Amino acid sequence: MRLLRLVWLWMAMGLAAFADSVTLTKVVQSPWIIDDAGVLKSETTLTIENKQSRPFDAWVKISVPGKVDYIEALGSLVAGENAKVVYVAELNKDGDDVTFTLFDNSAGTGA
C-alpha cells in the first residue's frame, strides 16, 4: 500500500457561500485495500465539517496522479462533523498528491 500525501480540499459547491461553510478537517488512510474491478483502492476516511444549519447531499471527486479522476457519493452531510469513507486508487509512488474536491451534485460541476 502506498501512502497518501494529501492536497487539502478545494471547494466546488454550487453556491459560493457554501465554500466557507464546508471544510475537510481530517483525512485518515486505513490499511484496508479493496479490488474495484481490477483497480486496487485504499479505504480512507474523510472528516468534513458542515457549518451550515441544514444538511445537503455531497459527492467527492478523487484525483490521483496518473489515474482517471472519479466521483464517489458521500450521501448527506448533516450540520456538524461528518465522517465519510471513500476509496482512493493505489498511488504510483509514495508521496503522490491526492486531491479531494467536494460537490453538491453528482456531475461534479459548479463554481
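Nothing here was measured: the structure is a model prediction, and the numbers come from that model.
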Legend entry - Qualifying salt bridge (Lys or Arg N to Asp or Glu O under 4.0 Å) pairs with a residue from residues 39-48, counting only residues at least two apart or across chains: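 Qualifying pairs, neighbours excluded: Asp36-Lys41.
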Inset, instruction - Would you confirm whether Thr47, through its side chain, and Thr25, through its main-chain N or O, come within 3.5 Å as a donor-acceptor pair? - result: no
Inset, instruction - Spell out, as yes or no, whether a donor-acceptor pair under 3.5 Å connects the side chain of Asp96 to the backbone of Leu91. - result: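 Answer holds: no.
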Show the nearest heavy-atom pair for residues [X] and [Y], with the distance to one decimal.
X	Y	value
Leu46	Val60	CD1-CG2, 4.3 Å
Thr109	Asp104	O-OD1, 4.5 Å
Lys84	Ser76	NZ-O, 3.1 Å
Ala89	Val39	CB-CG1, 4.2 Å

Legend entry - Heavy-atom side-chain contact between Val78 and Asn50 under 4.5 Å: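 Side chain of Val78 against side chain of Asn50, heavy atoms only: no contact under 4.5 Å found.
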Got a second to check how far [X]'s [atom1] is from [Y]'s [atom2], nearest 0.5 Å?
X	Y	atom1	atom2	result
Tyr87	Ile33	OH	CD1	11.0 Å
Phe100	Leu102	CZ	CG	10.0 Å
Ile48	Thr23	CD1	OG1	10.0 Å
Asn82	Leu74	CG	CG	9.0 Å
Asn105	Ile71	CG	CD1	7.5 Å

Inset, instruction - Going by the side-chain contact (heavy atoms from CB on, under 4.5 Å) test, name the single residue among Thr45, Thr44, Val88 that passes it with Gln29. - result: Thr44
Inset, instruction - Sort and list the pairs that fulfil side-chain hydrogen bond (donor to acceptor under 3.5 Å, both in side chains) and have at least one residue in residues 62-72, not counting sequence neighbours. - result: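 The answer is Ser63-Asp69.
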Inset, instruction - Is it possible for you to say whether Val98 and Leu24 belong to one hydrophobic cluster, with membership spreading through side-chain heavy-atom contacts below 4.5 Å? - result: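 Cluster IDs for Val98 and Leu24 match.
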Inset, instruction - Check whether Trp59 and Val86 end up in the same hydrophobic cluster, where Ile, Leu, Val, Met, Phe, Trp and Tyr are linked by side-chain heavy atoms less than 4.5 Å apart. - result: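 In one cluster with Trp59: Val86, no.
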